[in-house]
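Structure first, commentary second.
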Amino acid sequence: MEHRQITRPGMLWTFSEKCRWLFVTALLGSVLNTVFNTVTPQILRLTVDSVIGGAPFDLPAALLAPVQALTAGKPIGTLLLYAAAAVALSAALSGCCFYVYRVCTIRCAETFTKNMRDRLFYHIQRLPLSWHSVNQTGDIVQRCTSDVEVVRSFIAGQLTEVFRIVFLIAFALSVMFSMNVTLSLIALAFIPIVVTYSFIFFRKIGSRFRDADEAEGDLTADVQENLTGMRVVRAFGRERFEIEKFDKKNNYFADLWMRLGRVLSLFWGMGDFFSGVQVLCVITFGAVFAARGEISLGTFIAFISYNGMLVWPIRNLGRILSEMSKSGVSFARIGEILGAKEEDRGGTALPALSGDVQFSHVSFSYDGAAVLDDVSFTAKAGKTLAILGSTGSGKSTVVQLLTRLYELPAGCGEIPVDGVDVRTVPVEHLRSKIGLVNQEPFLFSRTIGENIAITRPDASMDEIRAAARTAHIDSEIMEFKDGYDTVVGERGVTLSGGQKQRVAIAGALAMEPEVLLMDEPTSALDPIATRKVEESIVELKEGLTIIIVTHSMQQAARISDRTAFFYMGRLVESDSTDVIFTRPSQKETEDYITGRFG
């Protein structure tokens with residue numbers, strides 16, 4: 001499957017289109033929050049040195065005159081109240097800026113994540129069937145939920161935080177250097193150590209996060225498969241096998257996270273050690289400098305405050321870097337989906353598709369394995385063609401190619417309808433004219449009426465019932481307490497196999513197709529249900545081109561005008577049956593039930 005590279009910067013720019021102003025506002029709020037936070041230690045320094053100690057105010061010229069005018073002749077009690085008010089005002093402004101920063105960050109993260117989810121779902125809907133056939137549903141779900149949540153956490157708690165921490169470190173260090181260069185160099189000496197150590201850790205831990213993420217996807221896929229096939233599990237007593245299989249994968253997943261936890265514990269332990277040593281060195285040397293009179297007591301207190309402001313952000317920077325490795329894995333896994341080439345839905349021709357359906361020298365392979373080999377046949381307009389053949393003979397591939405669920409490569413023949421190659425017809429137009437009934441119809445957990453109208457949402461109830469009557473299911477639907485408002489349950493469990501098949505046929509008819517494709521529509525049905533489906537098909541024969549894939553020669557004889565025989569991907573014979581279907585007698589029905597008919 002072809003992929004194009006989708007990078008993290010590319011996704012950040014694309015999905016932030018509607019929230020970039022929020023990101024900028026969040027950054028501005030974080031900058032102002034940092035500035036106001038750094039004001040408080042300066043107020044404490046002036047209070048200790050100038051208000052209590054009586055030293056002249058050590059301020060820039062622009063601030064010195066206003067402060068002297070405000071404090072001149074005031075008693076120490078009043079000055080202390082002024083200092084307390086200044087601290088409170090600084091804290092209030094800092095809190096307001098932090099509020100703006102967090103609100104904008106969260107809104108930005110949620111908007112970004114919504115855009116990503118929308119794009120992911122849209123893109124998945126437009127990926128070819130061949131992509132879905134090689135990717136596990138559980139893994140796709142895990143990427144669209146767990147990995148997207150990791151990305152949301154990155155935007156909400158890491159991306160803006162990196163900018164905030166870098167600015168805080170730079171701003172706090174600039175203030176610290178203005179107070180004492182030597183002590184600032186001591187505090188600064190540990191920052192490269194922590195950052196370098198974090199980067200090394202960041203590079204090593206990325207692959208472990210990917211292994212854990214992929215194991216989680218495999219575990220999710222296993223659960224999804226088990227729940228989907230619960231009836232089979234119960235019917236064949238496979239509970240113990242499924243439990244043991246899940247337990248094995250769960251143990252492997254848990255072991256990956258425990259090993260990852262040990263590495264993280266080492267990272268945080270070493271971080272605590274470096275932080276503790278840094279604080280110890282700053283306090284020790286600061287106390288010595290203060291005792292020698294090289295710095296004032298107020299400066300020492302302010303310096304300790306600034307160093308305390310640095311310790312956690314520096315450690316947090318390491319945490320963010322380690323978390324970024326996890327988000328990098330999630331970005332890459334999401335990028336693999338977004339980078340998958342979408343289904344070719346192009347084309348310019350808009351034919352009615354009411355004419356003959358032809359296969360002209362068609363050859364096709366799945367991953368190098370030949371399925372069809374130079375196949376040519378014609379399904380006449382308004383007639384029914386039955387395609388017969390054993391399992392693996394290529395019958396269903398005819399349906400897949402005609403509806404462009406799989407794309408016929410160039411040079412491998414043509415499939416014209418009304419003389420127009422289907423590859424030149426837009427997919428939406430093509431599939432709006434061709435109704436499809438699969439061997440195993442899928443019904444959504446909605447009402448019966450909604451499942452019938454799913455191919456044509458604007459269909460009226462009269463049109464829905466008309467399609468159901470043609471499919472011989474209307475009377476059975478009306479026997480339900482809620483009629484067409486009956487919810488069929490997940491995968492249509494409320495209905496029998498024959499009822500589900502006929503609801504699917506009604507859904508295909510509701511779209512008023514020009515061509516109806518039916519892939520083994522009765523293979524899993526009992527004789528009575530098979531007869532009802534066949535009655536539906538025969539009643540549709542007037543004016544509708546029908547192609548039915550079946551393995552039953554008797555069924556082909558009962559319902560088709562012409563039969564094509566496939567063997568090992570080749571068309572070996574085609575004949576005219578011209579058999580008229582008649583309602584079976586009671587004796588024929590009894591023989592059918594006992595397996596002697598057909």
Side-chain angles (χ1 to χ4, degrees), residues 32-95 97-98 165 167-194 272-316:
L32 293 177
N33 167 256
T34 301
V35 170
F36 288 123
N37 275 336
T38 57
V39 168
T40 301
Q42 290 299 321
I43 297 173
L44 294 176
R45 179 178 68 85
L46 293 174
T47 301
V48 172
D49 289 346
S50 301
V51 175
I52 299 175
F57 286 104
D58 181 16
L59 288 170
L63 295 177
L64 184 58
V67 171
Q68 286 178 337
L70 181 65
T71 59
K74 299 294 192 302
I76 189 171
T78 302
L79 295 179
L80 289 175
L81 287 176
Y82 285 169
V87 170
L89 178 61
S90 174
L93 292 173
S94 174
C97 293
F98 186 79
I165 290 173
F167 178 78
L168 172 60
I169 293 173
F171 191 77
L173 283 174
S174 66
V175 176
M176 292 165 71
F177 269 99
S178 70
M179 292 190 295
N180 187 275
V181 175
T182 305
L183 203 54
S184 299
L185 290 173
I186 294 172
L188 179 62
F190 288 87
I191 294 179
I193 297 174
V194 174
D272 285 340
F273 172 76
F274 287 130
S275 298
V277 172
Q278 194 259 10
V279 171
L280 176 63
C281 290
V282 170
I283 292 177
T284 301
F285 283 97
V288 172
F289 293 162
R292 291 175 179 175
E294 296 179 18
I295 60 174
S296 67
L297 181 60
T299 299
F300 175 63
I301 294 173
F303 208 97
I304 297 301
S305 298
Y306 284 126
N307 191 64
M309 292 171 60
L310 286 178
V311 170
W312 173 247
I314 292 173
R315 287 203 59 207
N316 202 32

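What you see is a predicted model; the values in this text were computed from it and never measured.
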Exercise: identify the closest heavy-atom pair between [X] and [Y]:
X	Y	answer
Pro41	Ala302	O-CB, 3.5 Å
Ala287	Phe300	N-CE1, 3.3 Å
Ala83	Ile43	O-CG2, 3.8 Å
Thr40	Val87	CG2-CG1, 4.1 Å
Ile165	Pro313	CG2-O, 3.5 Å
Asn33	Phe98	ND2-CB, 3.6 Å

Problem set entry | Results of ring-ring contact (aromatic ring centres under 6.0 Å, His included) for Phe36 - residues two or more places apart only |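 Partners of Phe36 under the ring-ring contact (aromatic ring centres under 6.0 Å, His included) test: none.
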
Exercise. Can you check whether Leu173 reaches Leu310 side chain to side chain, under 4.5 Å on heavy atoms?
Worked result: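 A side-chain contact exists here, since the closest heavy-atom pair is under 4.5 Å.
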
Measuring from atom [atom1] of [X] to atom [atom2] of [Y], what distance do you get when rounded to the nearest 0.5 angstrom?
X	Y	atom1	atom2	answer
Leu183	Phe303	CG	CZ	3.5 Å
Asn307	Ile283	CG	CD1	7.5 Å
Leu46	Tyr82	CG	OH	15.5 Å
Thr38	Met176	OG1	CE	12.0 Å
Leu280	Phe285	CG	CZ	9.0 Å
Leu44	Leu297	CG	CG	11.0 Å

Quick one: does any side-chain atom of [X] pair with a main-chain N or O of [Y] as donor and acceptor, under 3.5 Å?
X	Y	answer
Ser50	Thr47	no
Thr34	Leu168	no
Ser178	Val175	yes
Ser90	Ala86	no

Exercise. What orientation do Phe171 and Phe167 show, parallel under 30°, tilted 30 to 60°, or perpendicular over 60°?
Worked result: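 Aromatic pair Phe171/Phe167 classed parallel.
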
For this session: Determine which pairs satisfy side-chain hydrogen bond (donor to acceptor under 3.5 Å, both in side chains) with at least one residue from residues 284-300, sequence neighbours left out, and list them in order.
Result: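 For residues 284-300, and leaving out neighbouring residues, the side-chain hydrogen bond (donor to acceptor under 3.5 Å, both in side chains) pairs sorted by first residue read Asp49-Ser296, Ser296-Thr299.
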
Exercise. Is the CZ atom of Phe177 crowded by more than 12 outside heavy atoms at less than 6.0 Å?
Worked result: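 Counting neighbours around CZ of Phe177, more than 12 heavy atoms of other residues, nucleotides or ligands fall under 6.0 Å, so yes.
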
For this session: Quick one: do Gln42 and Met179 satisfy side chain to side chain contact (heavy atoms under 4.5 Å, CB included)? Show the steps, please.
Result: CA-CA 10 Å; Gln42 290 299 321; Met179 292 190 295; 3.7 Å; yes

Counting only pairs under 3.5 Å, give me each side-chain donor-acceptor contact of residues 186-194, with atom names and distances, residues two or more places apart or in other chains.
none

